[in-house]
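Values below: all heavy atoms of this structure, side chains included; hydrogens, waters and symmetry mates excluded. All of these numbers come straight from a predicted model, not from anything done at the bench.
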Amino acid sequence: MADQTNRPTRRTLKLRDWISTEPGAWVIVLMPALTAFIAGGPSWNSVWLVVLWCLCYCVQFCAARFAKSRGRARYRAPMLTYAALLAILGVPFLLKFPEILWWAPLFAVLFAGSLICSYNRAEHSIIANLCAVLASSAMAIPVTCLGSHLSRPFQEMLPARGVEIACAYALVLFASVLYVKTMIRERGNSRYLAASWAWHALITAVGFCFSLIYGILGVILLARAIIVPLATRNLKQTVKVAGISECVSSLISFSLITYAAMTLPM
């Protein structure tokens, strides 16, 4: 009898139709928004926006699979359900804060880019990854706009604290994308390894130009990008190593970026 222990169950497959089971995806989606929520001053309005952002990701996740499958029915119900929830919670938000529509063109382009990549079965491409990184990083700015540190919501459309968080995460998250590729999908590809090292060196240099905290973060991530791929080059499987190291570095990145955003002068 064939071994069935590693096969996904029907229940697992059904769960994957409704929500992403990839921790790395949720890390990219949530870290910038949570840092902005903390550093910008928690408020009920920013909680509302973070919840809407999670629903936006759920819509995108289901829509991407719907596009990739060329419209299979199993992905239609989750996509429409999340879209309905987003509309129910989002329309009152739009009526209360119409300023958020200022960001609509950017997110619409990034959403369309992710769907096109999924339709072409290129959801793991650099372009698809870049769309995810830019969307999640940019969300830090409107979340900051709703924080309690401003006297009124959207007092500034581009608050310095939000822009700082967005830029920091855009650099760091794209570095993580390159690092993971050198460990899994592009393992052994010298061009990807060189690009990863160059990008990490760049964010280290940029980090030290702004503050010691960002510089230290850059050094930590650069060391990871160099040491781990070289140390594991003879291993047959590096998925688990990549996952563990990425979890640790994500926690460090979140802690240092959040600390910097809360303490450095604007």
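Between Trp26 and Phe61, a ring centre-to-centre spacing not shorter than 6.0 Å is recorded.
With rounding to the nearest 0.5 Å, the separation of CD1 in Ile257 from SG in Cys167 is 11.0 Å. For the atom pair CD1 (Ile220) and OG1 (Thr204), the distance works out to 10.0 Å, reported to the nearest 0.5 Å. Once rounded to the nearest 0.5 Å, the distance linking CZ of Arg191 with OG1 of Thr182 reads 14.5 Å. The line from CG of Leu217 to OH of Tyr214 is 9.0 Å long, rounded to the nearest 0.5 Å. Atom OG of Ser211 and atom CD of Glu164 lie 7.5 Å apart (nearest 0.5 Å). Within the model, atoms OH of Tyr57 and OG of Ser114 stand 10.5 Å from one another, a figure rounded to the nearest 0.5 Å.
Side chain of Ser118 to main chain of Ala67: no donor-acceptor pair is present (N/O by atom type, distance under 3.5 Å, no hydrogens or angles). The backbone N or O of Pro42 sits nowhere less than 3.5 Å from a side-chain atom of Ser46 that would complete a donor-acceptor pair.
Proximity of His200 to Tyr179: side-chain heavy atoms (C-beta onward) are separated by under 4.5 Å at one or more points. In this structure the side chain of Leu146 reaches within 4.5 angstrom of the side chain of Phe93, judged on heavy atoms. The closest side-chain heavy-atom distance from Lys181 to Asn189 is not below 4.5 Å. Under the 4.5 Å side-chain criterion, counting only non-hydrogen atoms from C-beta, Leu173 is in contact with Pro32. Side-chain contact between Leu106 and Leu110: present, with at least one pair of heavy atoms (C-beta onward) separated by less than 4.5 Å.
Contact record, Gly162 with Thr144: CA-OG1, 3.4 Å, taken as the closest heavy-atom pair. Between Pro229 and Leu193 the shortest heavy-atom distance is CB-CD1, 4.0 Å. Among all heavy-atom pairs drawn from Trp197 and Ala225, the shortest one is NE1-O, 2.9 Å. Closest heavy-atom contact between Val172 and Ser253: CG1-OG, 3.6 Å. Across all non-hydrogen atoms, the minimal contact from Trp199 to Phe174 is CE2-CD2, 3.7 Å. Across Ala128 and Ala122, no two heavy atoms sit closer than the pair CB-O, 3.6 Å.
Within a 6.0 Å sphere centred on CG of Leu235, heavy atoms belonging to other residues, nucleotides or ligands number more than 12. Environment of OH in Tyr259: sparse, with no more than 12 heavy atoms of neighbouring residues, nucleotides or ligands closer than 6.0 Å. Heavy-atom neighbours of Phe208 CZ from other residues, nucleotides or ligands within 6.0 Å: above the threshold of 12. By the neighbour-count criterion of 12 heavy atoms within 6.0 Å, atom CE of Met262 is sparsely surrounded, having that number or fewer from other residues, nucleotides or ligands.
A cation-pi arrangement, defined by a distance under 6.0 Å to the six-membered ring centre and an angle within 45 degrees of its axis, is absent between Arg72 and Phe66.
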Quiz item: Could you walk me through whether Met139 and Phe107 pass the side chain to side chain contact (heavy atoms under 4.5 Å, CB included) check?
Solution: CA-CA 9 Å; Met139 181 51 60; Phe107 285 101; 3.6 Å; yes
Exercise. Apply side chain to side chain contact (heavy atoms under 4.5 Å, CB included) to Leu89 and Leu85, showing your working.
Key: CA-CA 6 Å; Leu89 294 178; Leu85 288 173; 5.6 Å; no
Quiz item: Should Ile127 and Ile116 be marked as a side chain to side chain contact (heavy atoms under 4.5 Å, CB included) after you check the CA-CA gap, both sets of side-chain angles, and the distance that decides it?
Solution: CA-CA 10 Å; Ile127 294 177; Ile116 291 171; over 6 Å; no
Practice problem: Begin with the C-alpha distance, continue with both residues' side-chain angles, and end with the deciding distance and a verdict on side-chain hydrogen bond (donor to acceptor under 3.5 Å, both in side chains) for Ser249 and Arg224. | Solution: CA-CA 8 Å; Ser249 60; Arg224 173 205 63 175; 2.9 Å; yes
Quiz prompt | Audit row: Cys54, Leu30, side chain to side chain contact (heavy atoms under 4.5 Å, CB included) steps and yes/no | solution = CA-CA 8 Å; Cys54 291; Leu30 288 176; 3.5 Å; yes
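For the side-chain contact (heavy atoms from CB on, under 4.5 Å) with Ser196, the lone residue among Val180, Val177, Leu178, Ile226 that qualifies is Leu178.
Here salt bridge (charged side-chain N to carboxylate O under 4.0 Å, His left out) pairs that include residues 37-65, with residues two or more places apart or in two chains, number zero. Each salt bridge (charged side-chain N to carboxylate O under 4.0 Å, His left out) pair with one or both residues in residues 120-134, not counting sequence neighbours, appears once here: Lys68-Glu123.
When the side chains of ILVMFWY residues are joined at heavy-atom separations under 4.5 Å, either directly or via intervening members, Ile244 and Leu221 end up in two distinct hydrophobic clusters. Two different hydrophobic clusters hold Leu212 and Leu222 under the rule that ILVMFWY side chains link at heavy-atom gaps under 4.5 Å. Phe111 and Tyr82 fall into different hydrophobic clusters, where Ile, Leu, Val, Met, Phe, Trp and Tyr are joined by side-chain heavy atoms under 4.5 Å apart, directly or via other members. Hydrophobic cluster membership differs between Val228 and Val27, with clusters built from Ile, Leu, Val, Met, Phe, Trp and Tyr side chains linked at under 4.5 angstrom. With hydrophobic clusters built from ILVMFWY side chains whose heavy atoms lie under 4.5 angstrom apart, Tyr75 does not share a cluster with Trp18.
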Contacts table for residues 94-104: side-chain donor-acceptor under 3.5 angstrom, sequence neighbours left out:
residue	atom	partner	partner atom	Å
Lys96	NZ	Asn45	OD1	3.3

